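Worksheet for the structure shown next.
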Protein chains: 2
Amino acid sequence: MKSLAQKTVTLKDIAKEVGISPSTVSRAINNEGRVSETTKRRISEAIKKLDYHPNIMARGLASKKTKSVGFVISKRRGRSLDRTSFYGKIIEGVEKEGRKYGYNPIFSVINEEERKSASLQIVKENRVDGLILAGCDIDKKLVLSLKERKIPLVLVDNHFDKEKISCVVTDNLNGAYEAVTYLISLGHKRIGFVAEMLSDLSFYERLQGYKLALKEAGLNYEENLVQESRDDIGYTATKKLLESQLPPSAIFAANDSAAIQAMRAIRKKRLRIPQDIAIVGFDNGEVAPYTNPPLTTVRVFTKEMGQIAMRMLIGIINNKNPLPVKNLMFTELVIRESCGGKLKRENFRPLTH
Amino acid sequence: MKSLAQKTVTLKDIAKEVGISPSTVSRAINNEGRVSETTKRRISEAIKKLDYHPNIMARGLASKKTKSVGFVISKRRGRSLDRTSFYGKIIEGVEKEGRKYGYNPIFSVINEEERKSASLQIVKENRVDGLILAGCDIDKKLVLSLKERKIPLVLVDNHFDKEKISCVVTDNLNGAYEAVTYLISLGHKRIGFVAEMLSDLSFYERLQGYKLALKEAGLNYEENLVQESRDDIGYTATKKLLESQLPPSAIFAANDSAAIQAMRAIRKKRLRIPQDIAIVGFDNGEVAPYTNPPLTTVRVFTKEMGQIAMRMLIGIINNKNPLPVKNLMFTELVIRESCGGKLKRENFRPLTH
DNA sequence: TTGTAAGCGTTATCAC
DNA sequence: GTGATAACGCTTACAA
């Protein structure tokens, strides 16, 4: 039953098998031009029979389409926890969605040379039809240079609003708003905000959500309730908060990592969570369920972001120049135990506008 | 200064520029056949000048080499914590090493169809020159089918010793041996072992290291000191241990996730870490420094595993059939606070044979 | 050392 | 509907 010749089957082979020309086979495969149903059927039978698979390279050469996209991340030095888990989830979504349309993601980390030249090897080599740029460590210069060269592009977890580049980002503002509103609904009046750094785009947006929630609740925004500490991801920041004259009764951390550090600081002070102080994180990372106590946090739909980004990118690749879109992903408050008991969400009113 | 024609520069263009034939240029670029130093120089000048980059697709078509490798993972249902962070680190290493030699990794998750057919789309399409199969959820049938078809292959964090397939794995035995020996050097006589599941290859090997350490120290191996609990990654297992007649004074967890669960169980019992019970994990994951107390654990060189795997794969791709090699990665005990204070390692003797 | 020419497996532009 | 035929950009014998 085994075929003896291990030669790869080509378009020609199946053309020969059916007794027609290669061009017709090509058309049939790509659903282009009219091909009679009968020959279509015979072609697909032959394809099955000979186990034919189009050669991507040949196809790419002829059609100028690689059916690959670059998934590129940039590693910034001095970024505390590396976010490989975050990126892993995104690319998983990218892969899943791409697979449906025959696109494969090429994983690429920007290196120094590329950073300097504001260009990418995989683009120069025509390895990809488009790019998904993930994370906010991506250089703006690179993005602009790519855009200028009309490379199909989607940003994930990053945006440059002024430049009108398609992107998919978490709705940090609403997510934070919801988290803080939840805290307020629990009776907290003094709520601290801690972050690794306020300059980070996502964290900045979360701060805005925090402010908005306070404002809507009629609470005063106090600058000294907002603290950052770069070296220890919010540990010192929390410490400062706890040692202040009027320490907060709750802390909203800019992300789960900061929340974990905050927890450490809180414990160090011999305070109990949530009895003495409540805490909410952001991201719903892998560890959130396993912190002590399990962390109430804002879930971010990472994998889905990847999927949506891929779908957008494919759209851009195939339609010439669709209007750029900023895709805001909803979040979801995941209530565990770090704010006290099994409190349900009914008590608080989410953002209505 | 800007060129008006945006046409992509090809081999021909630079041949024309220099005034020689394309084949010579090709040879020069690929360092094949003799090309005079002078023309070589002029060629590379022209390449710079015109900003030429070889078209990967064309090259692939002609040479049957794609300069891509597949990085493939398999997601098994019912696996507790997803290991995207682990895979992210590996592929980072793969990318880094591949970049040096012009190889790009294509990220791919095995889907149901592929699992059933024991074959991979990217292979059929000739998208890749070889594969890195990561994680122990990879089907043995797939691996064998790939091997039979002579697809260059390297396994990461997985091995089928009988099949003699090149792989790079953590030296779980020695890592575990070292961890347990450390515990013993601290005076512990009753040491428990907890895991999510003992059937997992890595965990099984770690169990062997645990046994070996006990044996070498002249301690008895007691079956009831080894517990697994699949549903909660070692939480129940630890609980069982703690509630036994002679509870252990230390626990060696098969990985950090299990260690975190063990910590939870220990706290639930109102025992202190490390005063009442010491704990060691395995992996040195991102969270290890942030557990309470910071977790002493065995460091695994994930990214480096990726690098080495890539290097091996490139070797296999370029030399026909080198002998398969099993690459054991050393580990490193990272001492934090979950076994007590700042104890140094001098007290204990690592494996000498 | 260099050039010529024939592919590599597709797609695309024409005619028919 | 279908079939020649010419690209696509590069590699690679084989000549020179």
Side-chain angles (χ1 to χ4, degrees), chain A residues 5-44 46-47 50-68 102 123-129 318, chain B residues 5-44 46-47 50-68 102 123-129 318:
Chain A
Q6 259 300 45
K7 214 180 131 295
T8 58
V9 276
T10 72
L11 245 198
K12 266 184 198 160
D13 295 325
I14 95 116
K16 205 171 293 171
E17 173 80 14
V18 180
I20 53 176
S21 79
S23 22
T24 304
V25 178
S26 174
R27 270 187 232 109
I29 288 174
N30 297 297
N31 279 318
E32 263 178 30
R34 328 258 116 254
V35 179
S36 76
E37 284 307 320
T38 350
T39 54
K40 255 188 194 163
R41 217 201 47 246
R42 297 177 58 211
I43 287 172
S44 62
I47 288 178
L50 301 187
D51 192 32
Y52 164 76
H53 292 271
N55 179 310
I56 287 290
M57 295 285 140
R59 197 176 250 187
L61 221 208
S63 68
K64 306 268 186 211
K65 302 239 165 223
T66 65
K67 287 285 193 166
S68 291
V123 170
K124 290 184 190 160
E125 288 177 339
N126 292 304
R127 233 183 233 279
V128 295
D129 296 337
N318 295 322
Chain B
Q6 259 299 44
K7 214 181 129 299
T8 58
V9 280
T10 72
L11 245 198
K12 265 185 198 160
D13 295 325
I14 95 113
K16 207 171 293 174
E17 174 80 14
V18 180
I20 54 176
S21 79
S23 35
T24 304
V25 179
S26 172
R27 271 184 231 112
I29 289 174
N30 298 298
N31 279 317
E32 263 179 30
R34 330 257 116 253
V35 180
S36 76
E37 283 307 318
T38 351
T39 55
K40 254 186 194 165
R41 216 200 49 248
R42 298 177 57 212
I43 287 172
S44 62
I47 288 178
L50 302 187
D51 191 33
Y52 165 75
H53 292 272
N55 178 311
I56 288 290
M57 294 286 140
R59 196 176 253 188
L61 222 208
S63 68
K64 307 269 184 209
K65 303 239 166 225
T66 66
K67 286 283 193 172
S68 291
V123 169
K124 290 185 189 160
E125 289 178 337
N126 292 303
R127 234 183 231 279
V128 295
D129 296 338
N318 295 321

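So that the names make sense, note that chain A is the first sequence line, chain B the second, and so on, each numbered from 1. Predicted model, so just to flag it, every value in this text is computed and none were measured.
In this structure, A:T66 contributes its side chain and A:R127 its backbone to a donor-acceptor pair below 3.5 Å.
Side-chain nitrogen and oxygen atoms of B:T39 include none within less than 4.0 Å of the OP1 or OP2 phosphate oxygen of C:dT1. For C:dA12, neither phosphate oxygen OP1 nor OP2 lies less than 4.0 angstrom from any side-chain nitrogen or oxygen of A:S26. The shortest distance between the side-chain N/O atoms of A:R59 and the OP1/OP2 oxygens of C:dT11 is below 4.0 Å. Side-chain nitrogen and oxygen atoms of B:T8 include at least one within less than 4.0 Å of the OP1 or OP2 phosphate oxygen of D:dG9.
Atoms CD1 (B:I43) and C1' (C:dG3) sit 13 Å apart, rounded to a whole Å. Nucleotide C:dT10 holds its C1' atom 12 Å from the CE atom of B:M57, rounded to whole Å. Rounded to an integer number of Å, the gap from CD of A:E32 to C1' of D:dG3 is 16 Å. Between A:I47 atom CD1 and C:dT10 atom P the separation is 10 Å, expressed in whole Å. Between B:E37 atom CD and C:dT1 atom P there is a gap of 9 Å when expressed in whole angstrom units. B:E125 has its CD atom 20 Å from the P atom of C:dC8, to the nearest Å. Counting to the nearest Å, the P atom of C:dT11 and the CG atom of A:D129 are 14 Å from each other. Look at CD1 on A:I56: it is 19 Å from P on C:dC8, rounded to the nearest Å.
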Is there any protein nitrogen or oxygen under 3.5 Å from a nitrogen or oxygen in nucleotides 4-8 of chain D, and what are the pairs?
unit_1 : atom_1 : unit_2 : atom_2 : d
D:dA4  : N7     : A:S23  : OG     : 3.4
D:dA4  : N6     : A:S23  : OG     : 3.1
D:dC8  : O3'    : A:K64  : NZ     : 2.9
D:dC8  : O2     : A:A62  : N      : 3.2

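For the pair B:E125 and A:R59, the minimum side-chain heavy-atom distance is 4.5 Å or more.
Summarising the geometry, atom CG belonging to A:N126 is positioned 10.0 Å from atom NE2 belonging to B:H53; distances are rounded to the nearest 0.5 Å. Going from atom CZ of A:R34 over to atom CZ of A:R27 covers 11.0 Å, rounded to the nearest 0.5 Å.
The heavy-atom pair separating A:V9 from A:L50 by the smallest distance is CG2-O, 3.5 Å. Minimum interatomic distance between A:K12 and A:P22 (heavy atoms only, all atoms of both residues): CG-CG, 4.1 Å. Across all their heavy atoms, B:A28 and B:I43 have their closest contact at CB-CD1, 3.6 Å.
Comparing the local axis fitted to the first five base pairs of the helix from C:dT1-D:dA16 to C:dC16-D:dG1 with the one fitted to its last five gives a bend of 30°, rounded to 10°.
Other residues, nucleotides and ligands contribute over 12 non-hydrogen atoms within 6.0 Å of the NZ atom of A:K124.
For B:L11, the side chain to side chain contact (heavy atoms under 4.5 Å, CB included) criterion is met by B:V25, B:S26, B:I29, B:Y52, not counting sequence neighbours.
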